[in-house]
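Read the structure below first, then the notes.
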2 protein chains.
Amino acid sequence: MRIGELAARAGTSVKTIRYYDRVGVLRPAERGASGYRLYGEDALERYRFVRAAQAVGLRLGEIREVIALRDRGETPCGFVVDLIGRRAAELDARIAELQALRDELRRLDRRARRLDPRRCDPGLVCHVIDAGT
Amino acid sequence: MRIGELAARAGTSVKTIRYYDRVGVLRPAERGASGYRLYGEDALERYRFVRAAQAVGLRLGEIREVIALRDRGETPCGFVVDLIGRRAAELDARIAELQALRDELRRLDRRARRLDPRRCDPGLVCHVIDAGT
DNA sequence: CTTGACTCTCCCCTACGGGGGAGGTCTTAG
DNA sequence: CTAAGACCTCCCCCGTAGGGGAGAGTCAAG
């Protein structure tokens with residue numbers, strides 16, 4: 001099938017399919033004489049895999065590596081578990097960071113309620129933030 | 001003082017100070033005859049405010065608005081509290097999202113341990129991810 | 001044979017906060 | 001006076017996953 005049909009059946013845009021070709025996660029089976037990308041039925045399944053992998057936080061570059069392993073006949077499971085572990089660690093760090101920021105905002109908000117806006121120091125931009133430094 | 005001295009005293013780069021001028025959060029007091037940016041002592045304090053505001057998640061565009069309010073003689077406290085509230089809500093949503101993803105990764109990891117790599121379906125790219133769809 | 005839908009490549013654009021470097025001017029110490 | 005170092009503007013670059021549109025070739029139906 002051609003790119004338009006694949007995109008329609010996959011429920012995505014032609015641009016996205018072309019982009020996936022470019023980054024190497026979804027290559028067409030072949031190119032027609034006119035240069036058109038031609039895909040087999042398996043392209044649909046492959047597309048769904050890419051989406052599922054993206055949904056669990058893998059980047060297209062990583063997904064490409066997973067697919068390359070598979071195409072070389074190896075089982076990418078170990079590699080995938082590794083990736084997932086690393087992503088989980090990054091995620092934990094990121095969540096902790098955001099939590100800390102969230103706590104800081106809560107603190108600022110409580111302080112803002114205690115401060116009197118009329119007693120704002122004119123030399124500062126805003127005592128809500130300035131004093132919290 | 002000129003831009004190099006301000007950057008050194010603030011512990012940042014000249015590029016950053018120029019960028020802050022461009023986006024309007026830290027304007028020089030004046031320009032010398034040669035076009036050089038000239039800053040007063042207060043620039044250092046203003047710089048610190050910008051950093052503090054960035055640290056609590058405000059974007060430069062928002063910081064510029066806060067400063068503009070202040071420069072118009074108004075107290076930006078209410079606006080700042082508003083901004084902080086909105087940022088907190090965004091943060092909550094983002095944290096929940098990342099938590100959900102983290103839980104999904106945990107689930108995948110547990111499943112990967114139960115699956116036998118040797119019984120990977122050759123028709124799929126990776127059963128760890130595929131089956132989780 | 002023509003027309004309209006489809007496809008191709010190529011290039012610029014998004015958010016965000018700057019970094020790198022070119023090419024030209026200014027200042028200041030020796 | 002001259003040379004180094006500081007400064008100026010302007011333009012392109014990073015990451016991520018595409019979106020928008022130009023200009024040109026291709027395919028199918030009427």
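Every chain is numbered from 1 and lettered A, B, ... according to where its sequence line falls, protein lines coming before strand lines.
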Assign A:R59 to base, sugar-phosphate, or nothing according to its heavy-atom contacts below 4.0 angstrom with the strands shown. sugar-phosphate

Once you apply a heavy-atom cut-off of 4.0 Å, does B:R2 come out as touching a base, just sugar-phosphate, or nothing? sugar-phosphate

By nearest-nucleotide position on DNA chain D, the 5'-leaning member of A:R51 and B:E5 is B:E5

Phosphate contact ([N] OP1 or OP2) by [X] side-chain N/O below 4.0 Å:
| X | N | result |
| --- | --- | --- |
| A:R37 | C:dT9 | yes |
| A:Y20 | D:dA17 | no |
| B:R22 | C:dC16 | no |
| B:Y19 | C:dC16 | no |
| A:S34 | C:dT7 | no |
| A:R31 | C:dT9 | yes |

To the side chain of B:T16, which of D:dG18, C:dG19, C:dT27 is closest?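 In terms of side-chain proximity for B:T16, the closest of D:dG18, C:dG19, C:dT27 is C:dG19.
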
Starting the side chain at C-beta, find the nucleotide from C:dC26, D:dC27, C:dT9 nearest to B:Y36. C:dC26

Give the rounded distance in Å between these two atoms: [atom1] of [X] and [atom2] of [N].
| X | N | atom1 | atom2 | result |
| --- | --- | --- | --- | --- |
| A:M1 | D:dA28 | CE | C1' | 20 Å |
| A:E90 | D:dT16 | CD | P | 11 Å |
| A:I17 | D:dG18 | CD1 | P | 10 Å |
| A:Y47 | D:dG18 | OH | C1' | 12 Å |
| A:L38 | D:dC27 | CG | P | 10 Å |
| A:Q54 | D:dT16 | CD | P | 12 Å |
| A:K15 | C:dC13 | NZ | P | 14 Å |
| B:E62 | C:dC16 | CD | C1' | 12 Å |

With a 4.5 Å cut-off on side-chain heavy atoms, are A:I129 and B:F49 touching?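 With C-beta onward as the side chain, the pair touches.
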
With a 4.5 Å heavy-atom cut-off, do B:R59 and B:R87 have their side chains touching?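 In contact.
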
Is the number of heavy atoms from other residues, nucleotides or ligands under 6.0 Å of B:R31 CZ greater than 12?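 It does: B:R31 CZ has more than 12 such atoms within range.
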
Starting at the 5' end of DNA chain C, which residue's closest nucleotide do you reach first, B:A33 or A:G35?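 So the residue in question is A:G35.
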
For the side chain of A:R70 and the backbone of B:L124, is there at least one donor-acceptor N/O pair under 3.5 Å apart? yes

In terms of hydrophobic clustering (I, L, V, M, F, W, Y; side-chain heavy atoms under 4.5 Å; direct or indirect links), are A:Y36 and A:I17 co-clustered? no

